[in-house]
Number of protein chains: 2
Amino acid sequence: MSRSELSLSEHLADSIVEIIRTERLVPGDALASSRDLARRFDVTTPTVREALRRLEATGVVEFRHGSGTYVGPGSERRLLANPHLPRGSRESVLELVEARLVLEPAVAAAAARTRVPEAVARLEAASTNALHPPQESLRQSVHFHVALAAASGNALLREAVEALLQVRAREQVEIRHRYNDRARDHAEHVEIFAAVRDGDAEAAERLTREHLGSIREAVLAADFPEVGAEDEGRADSAPEEAGARDAGPMDTGAADAGATGAGAETGVAR
Amino acid sequence: MSRSELSLSEHLADSIVEIIRTERLVPGDALASSRDLARRFDVTTPTVREALRRLEATGVVEFRHGSGTYVGPGSERRLLANPHLPRGSRESVLELVEARLVLEPAVAAAAARTRVPEAVARLEAASTNALHPPQESLRQSVHFHVALAAASGNALLREAVEALLQVRAREQVEIRHRYNDRARDHAEHVEIFAAVRDGDAEAAERLTREHLGSIREAVLAADFPEVGAEDEGRADSAPEEAGARDAGPMDTGAADAGATGAGAETGVAR
DNA sequence: ACTCATAAAGTGAATAGATCACTTGATCTC
DNA sequence: GAGATCAAGTGATCTATTCACTTTATGAGT
């Protein structure tokens with residue numbers, strides 16, 4: 001009936017998702033080749049590519065030139081950060097931190113109530129492993145906050161926090177790199193962990209609020225590079241391999257979004 | 001210079017985003033035609049299409065066959081729901097409601113503290129306009145919760161709630177359609193609005209928690225179609241009308257009225 | 001046997017040039 | 001002036017190739 005109101009390539013994308021699901025493919029598994037898919041669905045390769053590109057944008061599939069197409073981490077993710085964001089100003093980072101300030105304390109409280117053992121273990125690991133190199137600390141922190149959300153037992157909550165942390169990840173790196181007190185960060189993480197471990201929801205909530213409050217202060221103190229000059233700054237201080245290959249289970253590579261590069265930042269925002 | 005490890009179409013996608021930004025294009029504005037873009041960037045049309053498809057996936061652009069390519073609502077959105085989700089079970093809907101139960105009370109409290117006037121007005125409209133037809137009520141409810149988040153003054157918070165509401169939108173429609181008490185829903189909305197209007201953060205938080213709690217009960221009571229048979233089941237028991245597909249436009253205003261002739265839409269005129 | 005270079009096959013990336021379907025607006029009736 | 005008609009522009013898709021990269025199996029050379 002109302003079947004194909006969808007464009008061919010849209011329908012194709014859905015069909016491919018269907019394949020991933022019915023064949024129980026998980027991230028990392030290989031997909032049939034473009035040519036195979038084209039034959040199977042009786043369309044041409046450019047059409048298949050369009051469908052795959054579309055899925056790639058949300059992380060459902062990944063391309064590896066010369067090797068094949070693989071299922072990506074987005075295949076089991078419900079929320080995600082827009083990978084194609086324009087400009088970033090201090091305001092946008094501040095807005096992000098303030099959003100986290102509203103949401104994460106509640107998440108911490110939920111985590112302290114549920115305390116999923118596995119996630120609590122990861123939480124401890126993320127708060128114990130201390131003071132690593134520069135870059136590492138941000139990743140550590142991301143791990144901590146994600147593990148915190150995971151401890152709530154609600155995967156969607158974890159995804160929400162993950163997605164939030166991915167927004168403006170680049171700018172967050174910049175700020176933390178320059179202004180954040182890693183020692184204090186670490187100490188606060190330890191305190192939050194203890195509260196969660198002890199099942200003290202009230203304390204977990206309050207401590208998380210204070211923790212993010214101090215991050216907020218750091219952002220306010222930062223003389224964030226204004227739009228227009230922001231290209232150089234981030235290009236040489238943030239090497240692009242922040243990527244994903246190392247750690248185990250839930251590492252989603254928060255910072256790897258896309259190193260845009262490309263020059264000619266002419267405009268001034270607003 | 002710009003270490004281009006990116007595929008050509010990835011780079012192209014970023015360039016197009018750059019165009020949208022530097023030319024100050026807003027949702028609804030037309031983009032150059034595929035052929036033009038191909039010429040301008042000296043690539044072929046299939047390559048341009050790949051880039052555009054990728055952007056389409058996140059709502060940054062929209063295609064209109066025979067007419068052109070337009071800027072979409074996603075161009076100014078940082079968080080979004082994965083448009084390619086597999087199966088939906090009762091568990092997943094329950095998980096969603098419980099995530100909202102954790103997050104939204106805090107959002108409501110923030111809203112009561114900030115009370116952005118414009119958003120509060122929309123909040124009142126969404127809670128006053130009572131008991132419309134079946135389908136309409138869900139949309140009304142979405143409007144309410146989004147306006148609530150918007151009243152916090154933090155756009156990212158609003159986007160987070162929007163994205164959350166888009167997840168499993170179809171299943172949510174189904175459940176509300178069958179199990180939810182619209183009258184009670186409405187009454188609770190009115191109470192929450194009053195609390196926000198009066199700047200009573202504590203009450204707003206508690207009322208929102210209770211409100212979502214009752215929605216949670218409705219979900220628990222629902223005998224939702226189980227996984228496995230849902231392939232066919234979903235297709236014919238949930239026609240694809242108000243679901244996820246057109247949840248987007250509500251923010252951009254323009255296209256909203258088209259869906260039903262019910263009118264009375266609080267004009268979002270521009 | 002073992003190591004290492006190398007060739008072959010498979011795959012994604014992109015090109016080139018068309019054809020068809022749809023929308024839109026201007027022209028042409030009536 | 002209202003409506004039908006037509007043509008230009010645009011997206012959607014196809015057919016046919018070529019190039020670049022990865023992986024693997026082959027086959028020296030040691």
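Within every chain, numbering begins at 1; the chains are lettered A, B, ... in the order of the sequence lines, protein sequences first and strands thereafter.
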Practice problem: With DNA chain D as reference, determine whether A/Tyr70 or B/Thr69 sits nearer its 5' end, using the nearest nucleotide of each. | Solution: B/Thr69

Quiz item: C/dA14 P sits how many Å from B/Arg53 CZ, rounded?
Solution: 17 Å

Self-check item: Interatomic distance, B/Leu37 CG vs D/dG11 P [rounded to whole Å]
Solution: 8 Å

Quiz prompt | Gap between atoms CZ and P, on B/Phe63 and C/dT23 respectively (whole Å) | solution = 16 Å

Quiz item: A/Thr45 near the nucleic acid: base, sugar-phosphate alone, or nothing, with a heavy-atom cut-off under 4.0 Å?
Solution: nothing

Quiz prompt | Below 4.0 Å: OP1/OP2 of D/dA20 and any side-chain N or O of A/Arg64 | solution = no

Quiz item: Quick one: the side chain of A/Arg35 and the base of C/dG12, do they pair up donor-acceptor inside 3.5 Å?
Solution: yes

Quiz item: Taking the nucleotide of DNA chain C with the closest heavy atom to each, which residue, A/Gly66 or B/Thr47, is nearer the 5' end?
Solution: A/Gly66

Quiz item: Separation of A/Glu50 atom CD from C/dG12 atom P, in whole Å?
Solution: 16 Å

Quiz item: Is B/Thr44 near enough to C/dG17 that one of its side-chain N or O atoms lies under 4.0 angstrom from OP1 or OP2?
Solution: no

Practice problem: To the nearest Å, give me how far apart CZ (A/Arg39) and P (C/dG12) are. | Solution: 11 Å

Exercise. Measure the distance from NE2 on A/His65 to P on C/dG12 and round it to the nearest whole Å.
Key: 9 Å

Practice problem: Show your reasoning for whether side chain to side chain donor-acceptor pair (under 3.5 Å) applies to B/Arg168 and B/Ser92. | Solution: CA-CA 8 Å; B/Arg168 301 283 168 221; B/Ser92 66; 3.2 Å; yes

Self-check item: Sidechain-backbone polar pair: A/Glu50 side chain, B/Arg49 backbone, donor-acceptor under 3.5 Å
Solution: no

Quiz item: Just how far, in rounded Å, is P of D/dG11 from CD of A/Glu10?
Solution: 15 Å

Quiz item: Does OP1 or OP2 of D/dA12 have a side-chain N or O of A/Ser9 closer than 4.0 Å?
Solution: no

Quiz item: Do the side chain of B/Asp29 and the main chain of B/Val26 share a donor and acceptor less than 3.5 angstrom apart?
Solution: yes

Quiz item: Hey, mind stepping through B/Ser9 and A/Arg53 against side chain to side chain donor-acceptor pair (under 3.5 Å) and telling me if it holds?
Solution: CA-CA 9 Å; B/Ser9 78; A/Arg53 279 285 182 221; 2.9 Å; yes

Quiz item: Tell me: CG of B/Leu31 to C1' of D/dG9, nearest whole Å?
Solution: 16 Å

Practice problem: Kindly indicate whether the side chain of B/Arg49 and the base of D/dG11 share any N or O donor-acceptor pair separated by less than 3.5 Å? | Solution: no

Exercise. Ignoring backbone atoms, establish whether A/Ser67 has a side-chain N or O less than 4.0 Å from OP1 or OP2 of D/dC21.
Key: no

Quiz item: Is a side-chain donor or acceptor of B/Glu159 paired with a backbone partner of B/Arg78 at a separation under 3.5 angstrom?
Solution: yes

Practice problem: Compare the minimum distances between each of D/dC14, D/dG11, C/dT15 and the side chain of A/Leu8, then state the nucleotide with the smallest one. | Solution: D/dC14

Practice problem: Determine the contact category for B/Ser34: base if any of its heavy atoms lies under 4.0 Å from a base atom, sugar-phosphate if only primed atoms, P, OP1 or OP2 are that close, otherwise nothing. | Solution: sugar-phosphate

